[in-house]
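Beneath this line is the structure, given in C-alpha cells, with notes to follow.
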Protein chains: 2
Amino acid sequence: MANLHDVAKRAQVSIITVSRVINNKGNVKDETKERVLKAVEELKYYPNSLGRGLNSNKVNTIGIIIATIEEVSIHGTHYYNELMAGIERVCTKNSYDMLIPTQKKFSGKDYDYLKLYYERKVDGLLMVSPDLVPSQMEEVAENKIPCVVIGDRTEKYGISYVDSDNRGGIFRVAEFLIQKGHRKLSFLKGLKDNRHVNDRLNGFYDAVHKYGLTVRDEWLLDGDFSVDSGRNALRTLISGEDMPTAIFCANDIMALGVLFEAQAAGVKVPDQLSVIGFDGLEVHRYTNPSLATIRQPLVDMGYAAAEILFQKLKGPADLPETRIFPVELLMGGSIKV
Amino acid sequence: MANLHDVAKRAQVSIITVSRVINNKGNVKDETKERVLKAVEELKYYPNSLGRGLNSNKVNTIGIIIATIEEVSIHGTHYYNELMAGIERVCTKNSYDMLIPTQKKFSGKDYDYLKLYYERKVDGLLMVSPDLVPSQMEEVAENKIPCVVIGDRTEKYGISYVDSDNRGGIFRVAEFLIQKGHRKLSFLKGLKDNRHVNDRLNGFYDAVHKYGLTVRDEWLLDGDFSVDSGRNALRTLISGEDMPTAIFCANDIMALGVLFEAQAAGVKVPDQLSVIGFDGLEVHRYTNPSLATIRQPLVDMGYAAAEILFQKLKGPADLPETRIFPVELLMGGSIKV
DNA sequence: AAACATTTTGTTAACGCAAACAATCAGTGA
DNA sequence: TCACTGATTGTTTGCGTTAACAAAATGTTT
C-alpha cells in the first residue's frame with residue numbers, strides 16, 4: 001500500500017506538499033499539484049485514516065449505541081430502520097461514517113457506553129434509549145463528550161436528547177375519544193415495564209383522571225407484544241362483566257390480535273369496540289377495518305439527533321439541546337367517532 | 001486522556017510493560033501486573049485504537065457496504081434488519097465492530113467500494129448486492145482483499161459470495177402448482193429489472209417451459225412494488241380475455257394489493273385465483289386468506305457471509321467460498337392445492 | 001560460587017500523517 | 001541593486017501503540 005512517502009518520491013516533492021494537495025490546504029503551485037495528483041492516481045494512494053486520526057484527533061465517524069439489532073427489530077417495528085435512515089442522511093451530508101459496536105459487555109461489567117469514544121474510534125455518540133447509570137451520565141456531561149441521547153430524557157444531567165411525546169400523544173388521542181363520547185377505556189400493556197411503555201400508560205391515565213373516568217381492573221390487561229396476547233386480551237374482555245368501548249394497545253401487533261379475535265368472536269369493530277394501536281406499522285392500512293395507530297416520527301428524530309451531534313462536533317459541545325417530537329395519530333376505521 | 005506513558009509513569013514501569021499487561025502478552029510478574037492494572041483503573045486508561053491499528057495493521061472492524069438504509073428498507077421488507085442481525089451475531093462473537101460508510105460517491109466517480117479498506121478503516125468487507133464493475137472485482141480478487149459478497153454470484157472472479165436460490169425457489173413453487181393442476185400462470189414483475197427480480201421471473205419461466213405451458217402476454221404484468229400496482233394488476237387480469245389461475249408477485253406488498261382488489265372485485269382467492277408473494281413479510285399471516293409467500297433465510301445468509309469473512313481474516317484470504325441458501329415457501333390460504 | 005537458563009523489564013524504531021517551524025524562491029518598490 | 005513581501009516548498013517533531021532487540025534480575029544446576 002502506497003503512503004505519503006511513496007507519492008512524494010514519485011512526484012519529486014516532499015511529504016508535506018503531498019499532504020497539502022490531498023487536503024487542499026496551504027499554497028501549492030498548480031504545476032506541482034498536478035504532478036502530485038498524477039502520482040496519487042498512479043500509485044492508487046489512499047490516505048490512511050489511522051495516521052490521520054492519530055494526528056488530528058478526528059476520525060470522521062460517529063458511534064451509534066443501540067441494543068442488538070435483533071432486539072430492536074422485534075415485534076415487527078421499523079424502529080431501527082427509520083431511526084437509522086434519519087441518522088444516515090445527516091452523516092452522508094457531513095461525510096461521516098457510522099460505527100456500530102457489537103460488544104455489549106466490557107470486562108464483565110455493564111456495557112461501557114463510552115468505550116468507543118475513549119478508544120478514539122468515533123468522534124461522538126448517538127445513544128438510543130441507553131441504560132446509563134447516573135455516574136456514566138455525569139461522566140458524559142463533565143467530560144463534555146459529544147453525545148446525544150435518543151428516546152430518553154436526560155435534562156437533569158445536561159445531556160442533549162431527542163424524544164417523542166408518547167405520553168402527551170396518547171393523552172390527546174384518549175381525550176379525543178372521550179370527547180366523542182367514550183367513557184369506558186381499557187389499556188393493553190406490553191411486556192416489560194420500560195419507560196416507553198409506562199409513558200404510554202401514563203398518557204392514558206392522564207386523560208382518564210382529567211375526565212374522572214373509572215377504569216375497571218379487568219380493563220388493564222397484560223400483554224407481551226404478540227398477536228396472541230392481543231387475542232387473549234379480547235377474550236378476557238369478553239368474559240368480563242362489562243365491556244369497554246375502546247382499547248389502547250401498547251403496540252400494533254397486539255392491536256392486530258385484538259382485531260382478529262374480535263372478528264372471530266363477533267365483536268363489531270368499531271361499533272362495539274374501538275381499537276387503537278401504537279407504532280404506525282404499514283399493516284395498519286391493510287386490515288379490515290384499517291387500524292388507527294399512533295406513530296413516532298422516527299426518521300425525523302434520528303435526523304434531529306444527528307444534527308445536534310454534528311453541531312456539537314463543530315462548535316462548543318457543552319450547550320445541551322433538546323427536542324421533543326409530537327406523535328401522530330394515523331386514523332383508521334377501527335375508531336368510532 | 002491518559003495514554004500508555006501516563007500509566008507507565010504512575011505504575012513506575014516502562015511503557016512496554018504496560019502494553020504487555022493490557023494485551024496479556026509476554027511475561028509480567030503478578031505484582032507488577034497488579035500495579036499496572038491499578039494505574040489503568042485510576043487513570044481510566046483506554047487503549048487508543050488508532051495507535052494500535054497503525055502499528056498492528058488491524059482495527060477490529062468490518063465494513064458493511066450496502067445501498068442507503070432508506071433504500072434497502074423500502075417496500076416494507078425486513079431485508080436490511082435480518083441481514084444485519086445475522087452479521088451482528090458473528091461480529092459480537094469475534095469482538096469486531098461494524099462500520100457503515102455513508103459516502104456513496106468518491107471524487108465524483110462511481111462509489112469506490114474499496115475506499116474503506118484502503119483507508120484502513122476496516123479489516124474486511126461485506127458487500128450487499130454491490131454494483132461492482134469488472135475492474136473492481138478483479139482488484140478485490142488480485143489484491144486478496146478480505147471480502148464476501150451477499151446477493152450476487154461472483155464465482156468467475158474467485159470472490160466468495162452468499163446468495164439465495166430465488167430462481168430455483170420460484171421454479172419449485174411453480175412446479176408444485178402445476179402438479180396440482182394449474183395451467184394458467186401469471187407473473188407480476190417489480191420496478192427495475194435488477195438481477196434479483198429477473199431471477200424470480202426466470203424461475204417462473206423455467207417451470208413454464210419445462211411443462212410446455214403457454215403464458216399469455218397480458219399475464220406478464222408490470223408493477224412497481226406498491227400495493228396500488230398490485231391492485232392495478234388484478235384489474236388488468238379481470239379485464240383480459242382469459243383469467244389465469246395463479247399469480248406470482250415479485251414482492252409481498254404487491255401481493256397484498258392483488259388480495260385486496262380481488263376481495264373488492266369479487267374474485268375468490270384461492271378458488272378462482274391463487275396468489276403467491278415474495279419476501280415472507282410478517283403480514284402474510286394476518287391477511288384473509290393468509291398469503292402464501294417465499295422467504296429468503298436472510299439472517300442465516302448474513303451469518304454465513306460474516307463467518308466466511310472472519311475465516312478469511314484469520315487464515316489465508318484467497319480461497320473463495322460460496323454458499324447458496326434455498327428459499328422457503330411459507331404456506332398460506334391464498335394457494336389452492 | 002560460577003555458569004547457565006529463564007523470567008522479567010527496558011530501549012529503540014516504526015506505523016502514516018499533519019502541525020509547527022524553517023527555508024527557499026519569485027516578484028515588488030525604493 | 002537591495003531590502004522586503006508573499007508564495008511555495010521542506011524539515012522536524014509528535015500523535016499512541018507494538019515489534020524487535022537488549023539488558024537486567026532471578027532461579028537452577030554443578
Side-chain angles (χ1 to χ4, degrees), chain A residues 1-40 43-61 95 115-123, chain B residues 1-40 43-61 95 97 114-123:
Chain A
M1 290 259 359
N3 58 18
L4 272 188
H5 186 261
D6 301 326
V7 177
K9 202 166 153 194
R10 183 171 196 108
Q12 311 253 45
V13 292
S14 74
I15 281 185
I16 192 67
T17 300
V18 179
S19 174
R20 278 194 267 258
V21 172
I22 300 286
N23 299 299
N24 244 323
K25 228 172 192 175
N27 292 319
V28 180
K29 216 203 289 182
D30 283 353
E31 188 191 321
T32 314
K33 193 180 284 182
E34 268 176 41
R35 220 166 58 236
V36 170
L37 288 176
K38 186 155 160 276
V40 166
L43 293 173
K44 294 193 180 173
Y45 168 75
Y46 286 79
N48 181 314
S49 69
L50 299 171
R52 217 175 223 185
L54 199 51
N55 187 284
S56 65
N57 219 25
K58 189 161 165 291
V59 290
N60 289 289
T61 306
S95 301
K115 181 167 175 270
L116 219 55
Y117 177 77
Y118 285 134
E119 282 180 338
R120 302 304 316 147
K121 273 196 142 181
V122 302
D123 299 324
Chain B
M1 292 261 356
N3 59 19
L4 271 189
H5 186 262
D6 302 326
V7 177
K9 203 167 152 193
R10 183 169 196 109
Q12 312 252 47
V13 293
S14 74
I15 282 186
I16 191 68
T17 300
V18 179
S19 174
R20 276 194 267 257
V21 172
I22 300 288
N23 298 298
N24 244 324
K25 229 172 193 175
N27 292 319
V28 180
K29 216 203 290 181
D30 283 353
E31 188 191 322
T32 315
K33 194 181 281 183
E34 268 175 42
R35 220 166 60 235
V36 170
L37 287 176
K38 185 156 160 275
V40 166
L43 294 172
K44 292 191 181 175
Y45 167 75
Y46 285 79
N48 183 313
S49 70
L50 298 172
R52 218 173 223 188
L54 198 52
N55 188 285
S56 66
N57 218 25
K58 189 159 165 295
V59 290
N60 290 289
T61 306
S95 300
D97 294 325
L114 307 175
K115 179 168 176 268
L116 220 53
Y117 177 77
Y118 284 134
E119 283 179 338
R120 301 304 317 145
K121 274 196 140 181
V122 301
D123 298 325

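Every chain is numbered from 1 and lettered A, B, ... according to where its sequence line falls, protein lines coming before strand lines.
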Do B/Asn55 and D/dT18 share a donor-acceptor pair, side chain to base, under 3.5 Å? yes
So, OP1 or OP2 of [N]: does either fall under 4.0 Å of a side-chain N or O from [X]?
X: B/Ser49; N: D/dT17; result: no
X: A/Tyr118; N: D/dG16; result: no
X: B/Lys25; N: D/dA19; result: yes
X: B/Thr32; N: C/dT9; result: yes
X: A/Asn57; N: D/dC15; result: no
X: A/Ser19; N: C/dA18; result: yes
X: B/Tyr45; N: D/dT17; result: yes
X: A/Lys29; N: C/dC25; result: no

Using atom [atom1] of [X] as one end and atom [atom2] of [N] as the other, report the distance to the nearest whole Å.
X: A/Asn24; N: C/dA18; atom1: CG; atom2: P; result: 12 Å
X: A/Leu4; N: D/dT9; atom1: CG; atom2: P; result: 16 Å
X: A/Glu31; N: D/dT9; atom1: CD; atom2: C1'; result: 13 Å
X: A/Arg35; N: D/dT8; atom1: CZ; atom2: P; result: 14 Å
X: A/Lys58; N: C/dA19; atom1: NZ; atom2: P; result: 11 Å
X: A/Arg120; N: D/dG14; atom1: CZ; atom2: P; result: 21 Å
X: B/Asn23; N: D/dA19; atom1: CG; atom2: P; result: 7 Å
X: B/His5; N: C/dT11; atom1: NE2; atom2: P; result: 10 Å

Would you please test A/Ser19 and A/Leu4 for side-chain contact (heavy atoms from CB on, under 4.5 Å) and show each step? CA-CA 7 Å; A/Ser19 174; A/Leu4 272 188; 4.1 Å; yes
Under 4.0 Å, heavy atoms only, any strand: does [X] hit a base, just the sugar-phosphate, or nothing?
X: B/Asn48; value: sugar-phosphate
X: A/Thr17; value: sugar-phosphate
X: A/Leu50; value: nothing
X: A/Ile15; value: nothing
X: A/Asn3; value: sugar-phosphate

Cation-pi, A/Tyr118 ring and A/Arg120 (6.0 angstrom, 45 degrees): no
Quick note, A/Ile16 side chain, CB onward, closest among C/dC17, D/dT17, C/dA19 is C/dA19
Quick one: do B/Asp97 and A/Leu116 satisfy side-chain contact (heavy atoms from CB on, under 4.5 Å)? Show the steps, please. CA-CA 10 Å; B/Asp97 294 325; A/Leu116 219 55; 3.8 Å; yes
Criterion side chain to side chain contact (heavy atoms under 4.5 Å, CB included) against B/Val28, the qualifying member of B/Val18, B/Thr17, B/Val36: B/Thr17
Could you tell me which non-hydrogen atom of A/Ile22 sits nearest to which non-hydrogen atom of A/Tyr45, and how far apart they are? CD1-CE2, 3.7 Å
Between B/Pro47 and B/Arg20, the residue closer to the 5' end of DNA chain D by nearest nucleotide is B/Pro47
5'-most by nearest nucleotide on DNA chain C - B/Gly51 or B/Asp30: B/Asp30
Would you kindly compare B/Asn27 and B/Leu54 by the position of their nearest DNA chain C nucleotide and give the one closer to the 5′ end? B/Asn27
Should B/Thr61 and A/Lys121 be marked as a side-chain contact (heavy atoms from CB on, under 4.5 Å) after you check the CA-CA gap, both sets of side-chain angles, and the distance that decides it? CA-CA 10 Å; B/Thr61 306; A/Lys121 273 196 142 181; 2.9 Å; yes
